[in-house]
2 protein chains.
Amino acid sequence: MMDPQKLLQELLKISDDDKDITPKQAKIIQAAIEIFAEKGYASASTSEIAKRAGVAEGTIFRHYKTKKELLLSIVSPMIIKFAAPFFAETFIRQVFKDHEDKGFEELLRKLIQNRYEFVKNNVPLLKIVLQEMAFHPEIQQAYKQVFTEKVLPKFKKMVEYYQDKGELRNDFSVDTTIRLVINTAVGFMVTRFIVMPDYPWDDEKELENTIQYIKDGIFS
Amino acid sequence: MMDPQKLLQELLKISDDDKDITPKQAKIIQAAIEIFAEKGYASASTSEIAKRAGVAEGTIFRHYKTKKELLLSIVSPMIIKFAAPFFAETFIRQVFKDHEDKGFEELLRKLIQNRYEFVKNNVPLLKIVLQEMAFHPEIQQAYKQVFTEKVLPKFKKMVEYYQDKGELRNDFSVDTTIRLVINTAVGFMVTRFIVMPDYPWDDEKELENTIQYIKDGIFS
DNA sequence: AACAAAAATGAGTGATTACTCACTATAATT
DNA sequence: AATTATAGTGAGTAATCACTCATTTTTGTT
């Protein structure tokens, strides 16, 4: 099992990941994503992955010591990528510059729209993450670390800032407010792309209504 | 694969299920629930289930033709049980009796509190349902059928009724309103019992805040 | 063209899998 | 008490699993 501290360091250099990758390795990754998403990690066999990738089974184990290492190489980068907006240097700074501050609503709208596009473009991968997180402590811990150390502190500052400004209600605790906002936003995307992907969604309407719903629920 | 129509009929007589069950069979079910929840259906072996149940492996296959049949015998009853409030004859009737009508808020509060207790008492089982629904079309279809035929129609009537009464905002469509309410309620329970079960929750506060949040988000 | 390094191969391996079946133990019925 | 029916057993089976490794193919350097 990987040391969480090392894992975070590992994650931060994901930009290097794409470099020394062979064409066959890329095919393996693509096939693995598809099959893991279709039948789950435990039910996916390395032989089937190799077959779909058009590669000998041994080739998989040239690049990845174990099947689990293949899973982690796919899942791990998503941790940072999903939380990416909160890693941006400019993100928080912009919020607190009064002359640029367009209020919590606009910030929230930008954030949700941005993550909505991200989810839309990474459905199979996020399916894998959601599924396998339940059974792999390494993945859980890595996400927990990123969330508590990177996402949560910035989110807290945001909510506190707008609560002090009187823009957000203060009869909800900061933690509760964050939970409700994230639940609503994530819930929307899970419903939209995983639970009912075939429903004839009016995406623009649902997005705007979701934002309105959050706004009326947490604004003073 | 089971015919969905038959499955629903099967489900409606769950009260009979508990009858002709042997002690060893009960041990098998209990062990299966534990192990399915711990490591997932695909990673759970029948030999391990038999071992934990204190039973010979062959005994499992006396009672269940396949491992999957064992899973379905565990998961299927939860479909009706989770939607149980919507099956109650009195449920809707009470709502529309004006002299008993205490408003959407009280109805919602009762409903969420009730389902909150249910989830609390069935965490491992619901974990299995959430996990395995993704990979077993029979489970998906059964839930879809119960939801669209039993839950959704009643929910729709409720929302329409209170929208007409002017209690609920009508700039959200009925479907969107339902989605937001269910998302928020389910999201709360998933966060509370599955994502962060060890967080020191103030359950009463979170429940009340969640209801307030919904109320402010969908009331006019 | 010759060589070395890296990438890819696929038959082979022991372990584990869901499931079978001939058999025994227990319970119910006469 | 005898007979039948049901419940339980556990060694056995073919299939599949993740993974290995000796060998071949491809790539890069001179």
Side-chain angles (χ1 to χ4, degrees), chain A residues 1-2 16-75 128 131-132 135-139, chain B residues 1-2 16-75 128 131-132 135-139:
Chain A
M1 214 169 279
M2 211 181 282
D16 303 347
D17 274 9
D18 310 332
K19 283 183 179 174
D20 46 1
I21 220 174
T22 71
K24 301 231 169 190
Q25 193 175 357
K27 293 284 261 177
I28 289 169
I29 292 171
Q30 190 51 45
I33 290 173
E34 288 175 22
I35 296 178
F36 284 160
E38 280 169 22
K39 37 175 57 173
Y41 170 77
S43 297
S45 71
T46 50
S47 72
E48 190 182 355
I49 294 170
K51 203 174 175 183
R52 185 171 310 189
V55 152
E57 201 175 346
T59 307
I60 293 176
F61 294 94
R62 282 285 119 180
H63 295 288
Y64 307 95
K65 267 175 277 185
T66 63
K67 183 186 163 192
K68 188 159 191 173
E69 193 180 293
L70 171 60
L71 172 70
L72 292 180
S73 83
I74 287 170
V75 158
I128 299 172
Q131 278 293 325
E132 302 309 327
F135 304 123
H136 304 273
E138 313 95 318
I139 304 178
Chain B
M1 214 170 277
M2 212 181 282
D16 304 346
D17 273 9
D18 309 332
K19 283 184 181 174
D20 46 1
I21 220 176
T22 71
K24 300 229 169 189
Q25 193 174 357
K27 292 284 262 176
I28 290 169
I29 293 171
Q30 190 49 46
I33 290 173
E34 288 174 22
I35 296 178
F36 284 160
E38 280 168 23
K39 38 175 56 174
Y41 169 77
S43 297
S45 70
T46 49
S47 71
E48 189 183 354
I49 293 170
K51 203 174 175 183
R52 186 172 307 189
V55 151
E57 201 175 346
T59 308
I60 293 176
F61 294 95
R62 276 286 122 184
H63 296 288
Y64 307 96
K65 267 175 277 186
T66 63
K67 182 186 161 192
K68 188 160 190 173
E69 195 180 291
L70 171 59
L71 172 71
L72 293 179
S73 83
I74 287 171
V75 157
I128 298 172
Q131 278 294 323
E132 302 309 328
F135 305 124
H136 304 274
E138 313 96 317
I139 304 178

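Just so you know, these numbers come straight off a predicted model, no measurement behind them. Residue numbers begin at 1 in each chain, while the letters A, B, ... track the order of the sequences.
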From CG of B:L70 across to P of C:dC19 the rounded distance in Å is 10 Å
Counted 5' to 3', the first and last nucleotides of DNA chain D within 4.0 Å (strictly under) of a heavy-atom of chain A are D:dC17 to D:dA22
Inset, instruction - Would you indicate, yes or no, if C:dA8 has its OP1 or OP2 atom less than 4.0 angstrom from a side-chain nitrogen or oxygen of A:K24? - result: no
Report yes if a side-chain nitrogen or oxygen of B:S47 is closer than 4.0 Å to either non-bridging phosphate oxygen (OP1 or OP2) of C:dT16; otherwise report no. no
When rounded to whole Å, the CZ to P distance for the pair A:R62 and C:dT9 reads 11 Å
B:K39 NZ to C:dT16 P, in whole Å, measures 12 Å
Among the nucleotides C:dC19, C:dA18, C:dA8, whichever has the atom closest to the side chain of A:T59 is C:dA8
Side chain to side chain contact (heavy atoms under 4.5 Å, CB included) for A:I21 and A:I29? Distances and angles first, verdict last. CA-CA 10 Å; A:I21 220 174; A:I29 292 171; 3.5 Å; yes
Checking B:Q30, B:R62, B:H63 against B:Q25 for side chain to side chain donor-acceptor pair (under 3.5 Å), the one that qualifies is B:H63
Margin query: At 4.0 Å (heavy atoms only), tell me whether B:A44 reaches a base, stays on the sugar-phosphate, or touches nothing.
Written below: sugar-phosphate
Exercise for review: Compare all side-chain heavy atoms of A:L71 with those of A:Y64 and state whether any distance is below 4.5 angstrom.
Suggested key: no
Mind checking A:T46 for me? I need base, sugar-phosphate or nothing, with any heavy atom below 4.0 Å counting as a touch.
base
For A:I35 and A:A44, the nearest pair of non-hydrogen atoms, with its separation, is CG2-CB, 3.5 Å
message = Using a 4.0 Å heavy-atom cut-off, does B:A53 contact any base of the nucleic acid, only the sugar-phosphate backbone, or nothing at all?
response = nothing
*Quick one: label B:E57 by what it contacts on the DNA or RNA (base, sugar-phosphate, nothing), any heavy atom closer than 4.0 Å.*
base
Rounded to whole Å, CD of B:E48 lies from C1' of C:dA15 at a distance of 16 Å
Rounded to whole Å, the CG-P distance (B:D20 to C:dA28) equals 14 Å
When rounded to whole Å, the NE2 to P distance for the pair A:H63 and C:dA6 reads 13 Å
### Query
Looking at B:K65, does any N or O in its side chain come under 4.0 Å of the phosphate oxygens OP1/OP2 on C:dA18?
no
note: B:E69, atom CD; C:dC19, atom C1'; distance rounded to Å ~ 13 Å
Q. After noting the C-alpha distance and the side-chain angles of B:F135 and A:Q131, does the key distance pass the side chain to side chain contact (heavy atoms under 4.5 Å, CB included) rule?
A. CA-CA 10 Å; B:F135 305 124; A:Q131 278 293 325; 3.3 Å; yes
Problem - Short side-chain to backbone donor-acceptor contact, B:T59 and B:A56, under 3.5 Å - result: yes
Checklist entry - Heavy-atom count around B:K67 NZ within 6.0 Å, excluding the residue itself: above 12? => result yes
Here the distance between atom C1' of C:dA22 and atom CZ of B:F61, to the nearest Å, is 17 Å
